[in-house]
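Step one of this worksheet: look at the structure below.
Values reported hereafter were calculated over all heavy atoms of this structure, with side chains retained and with hydrogens, waters and symmetry mates removed. Numbering of residues begins at 1 and proceeds along the displayed sequence. Here the structure is a predicted model, which is why all the values come from computation and not from measurement.
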Amino acid sequence: MVRAAVSGAINYTGADPQNRQWRIRHLLLLTEMERREDYALLSVAHKHWLALLSHGNLTEDSFKDVKTRSGELLRHLQRVVFPWLSPDDVSKTDEQTDTILDSSAQALIKRYRELHGNNGGT
């Protein structure tokens, strides 16, 4: 909330926590701001791993390790940017089986897929 106020994304002078519509808009704005920050952080981390991959003095084992970690980070980045992707669309490792969406969001995505097909209607 502090970042939203400082950045000017949300003007809290007209805040009405008793108003349901205001709370919904507020939650959506904060969620999107968090998603954008996650994206920026993961992008930088992925670029870092790619820079390590281009290093000429990597052994075969260290290259495989860096390649694996970079791939995992890219899949995490894809799930942040595209939370509606199914696990088949973005391969998950055993450590990444937990979802980043709550059950209500998953239910909405499931309903959307039922209405528009698994590919989002495109």
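Within the model, atoms NE2 of His26 and CD of Gln21 stand 14.5 Å from one another, a figure rounded to the nearest 0.5 Å. For the atom pair CZ of Arg36 and OH of Tyr39, the computed distance is 11.0 Å after rounding to the nearest 0.5 Å. Separation of atoms NE2 (His46) and CZ (Arg69) is listed at 14.0 Å; rounding is to 0.5 Å. Here Leu29 contributes atom CG and Glu34 contributes atom CD; the two are 13.0 Å apart, rounded to the nearest 0.5 Å.
Residue Ile24 belongs to a hydrophobic cluster whose other members are Leu28, with links defined by side-chain heavy atoms closer than 4.5 Å.
Environment of CZ in Arg23: crowded, with over 12 heavy atoms of neighbouring residues, nucleotides or ligands closer than 6.0 Å.
Shown here for Ala15 and Trp22, the closest heavy-atom pair between the two residues is CB-CZ2, 3.4 Å.
No single ILVMFWY cluster, assembled from side-chain heavy atoms under 4.5 Å apart, contains both Leu42 and Met33.
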